[in-house]
Amino acid sequence: MIRIENMCKIYNMGDNSVYALNDVSLHVAEHEFVSIIGPSGSGKSTLMNMLGCLDVPTSGEYYLDGKEVSRLRDNQLAEIRNYKIGFIFQGFNLLKKLTAVENVELPLIYQGIGHRERVRRSTEALEMVGLGDRIHHTPNELSGGQQQRVAIARALVSDPPLILADEPTGNLDTKSGADVMKTLHFLHEKGNTIVLITHDNSVAAQAQRIIKIQDGQIIEDKEAV
Ligand code: ADP
Ligand code: ADP
């Protein structure tokens with residue numbers, strides 16, 4: 001699913017250059033549930049941006065679902081993001097004026113899918129995350145955990161091969177965070193590939209495999225116990 005080879009990302013700041021990623025190689029197979037953990041400044045956001053095709057590396061390769069994507073132009077990267085990746089962010093990133101089902105429809109609108117089919121698939125995705133009875137609620141009528149589950153439904157509605165979650169429980173209380181993790185486990189059991197980025201050990205420990213990053217390098221890669 002993911003094959004990153006010898007990736008570097010260098011930020012040039014005046015006379016200084018920072019290796020945000022320093023020779024990172026990483027393989028993630030289909031159906032894995034992986035967490036990437038590291039302290040602040042270790043390179044997690046940079047790696048997330050690379051994995052999510054939000055930015056391109058300075059050097060190295062990235063094969064996503066069989067396709068080399070590290071040298072693509074912006075419009076080609078946008079295309080890859082639309083079809084290959086479902087994003088879940090710490091801040092949910094839902095549109096406040098739209099209902100749950102309308103938010104979940106968005107990726108399908110970008111793909112040019114008709115209204116009736118969009119509503120059918122979005123309703124199904126919301127049912128899958130346990131929100132079948134909340135589809136016409138707007139974000140401010142939902143709890144934080146429910147909003148994040150709407151975001152999860154939006155990430156999975158277009159059936160992307162990869163789901164990328166960036167601190168998905170970071171804004172949530174313990175119980176809502178646990179609900180969101182339960183939903184991610186459910187998706188994993190259904191066959192999704194999930195990469196979760198976090199600085200929280202107890203969250204990372206819930207994945208199958210834990211990758212530790214520090215100073216832009218992978219320092220540990222092990223099965224969860
Ligand atoms: P994390 O997400 O783990 O906190 P980041 O990926 O944000 O880490 O940052 C890794 C390193 O790269 C840090 O030293 C950070 O200061 C640097 N960095 C990140 N983004 C930029 C940028 N746009 N310009 C310059 N330096 C950056
Ligand atoms: P609440 O506000 O009590 O969480 P909901 O009706 O939104 O009310 O959710 C009911 C329960 O559904 C939650 O307690 C949560 O644990 C559970 N839940 C979370 N994820 C899923 C899921 N993927 N499928 C089914 N139920 C889920």
Side-chain angles (χ1 to χ4, degrees), residues 1-28 32-64 68-78 80-81 84-94 144 147-148 151-152 155 160 162-172 176-177 180-181 184 193-224:
M1 173 65 49
I2 288 171
R3 191 152 70 81
I4 285 179
E5 304 288 356
N6 307 108
M7 182 180 280
C8 292
K9 180 67 178 182
I10 303 169
Y11 292 110
N12 290 308
M13 315 249 295
D15 295 341
N16 285 32
S17 37
V18 177
Y19 274 77
L21 295 176
N22 189 355
D23 197 24
V24 167
S25 296
L26 171 64
H27 297 194
V28 176
E32 273 197 279
F33 186 169
V34 174
S35 63
I36 294 174
I37 184 162
S40 176
S42 57
K44 296 186 300 296
S45 307
T46 304
L47 184 55
M48 168 84 184
N49 290 343
M50 298 302 142
L51 288 169
C53 295
L54 294 159
D55 196 1
V56 292
T58 309
S59 63
E61 282 100 56
Y62 178 16
Y63 296 88
L64 173 60
E68 201 338 31
V69 296
S70 66
R71 307 275 176 276
L72 298 180
R73 288 192 306 274
D74 285 351
N75 61 330
Q76 296 170 307
L77 288 174
I80 298 281
R81 287 196 298 272
K84 300 270 189 201
I85 305 167
F87 289 95
I88 302 166
F89 301 101
Q90 178 169 357
F92 320 139
N93 293 24
L94 300 175
Q147 290 182 55
Q148 190 60 298
I152 293 173
L162 174 64
I163 292 188
L164 266 187
D166 189 3
E167 300 279 5
T169 61
N171 275 353
L172 299 175
S176 304
V180 162
M181 289 306 294
L184 290 179
T193 307
I194 301 175
V195 175
L196 183 161
I197 294 186
T198 183
H199 67 275
D200 183 333
N201 275 306
S202 67
V203 171
Q206 294 179 52
Q208 276 180 316
R209 175 177 163 202
I210 304 167
I211 294 168
K212 283 195 182 148
I213 173 169
Q214 191 179 303
D215 298 329
Q217 294 189 304
I218 291 176
I219 57 164
E220 192 174 274
D221 186 342
K222 62 170 194 205
E223 301 297 311

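Just so you know, ligand 1 is whichever comes first in the structure, and atom 1 is the first atom listed for that ligand.
Contact of the E5 side chain with the S25 side chain is registered, since non-hydrogen atoms from C-beta on lie closer than 4.5 Å. Put simply, the side chain of N171 does not reach to within 4.5 Å of the side chain of Q148, judged on heavy atoms. Two residues are said to be in side-chain contact when any heavy atoms from C-beta on lie closer than 4.5 Å; L72 and V56 fail this criterion. Q217 has its side chain out of reach of V24: every pair of non-hydrogen atoms, C-beta onward, lies at least 4.5 Å apart.
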Counting only pairs under 3.5 Å, give me each side-chain donor-acceptor contact of residues 35-42, with atom names and distances, residues two or more places apart or in other chains.
| unit_1 | atom_1 | unit_2 | atom_2 | d |
| --- | --- | --- | --- | --- |
| S35 | OG | A204 | O | 3.0 |
| S42 | OG | P39 | O | 2.6 |

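Closer than 4.0 angstrom to ligand 1 by heavy atom are Y11, M13, V18, A20, P39, S40, G41, S42, G43, K44, S45, T46, sorted by chain and number.
The neighbour count for D221 CG, taken as heavy atoms of other residues, nucleotides or ligands under 6.0 Å away, is above 12.
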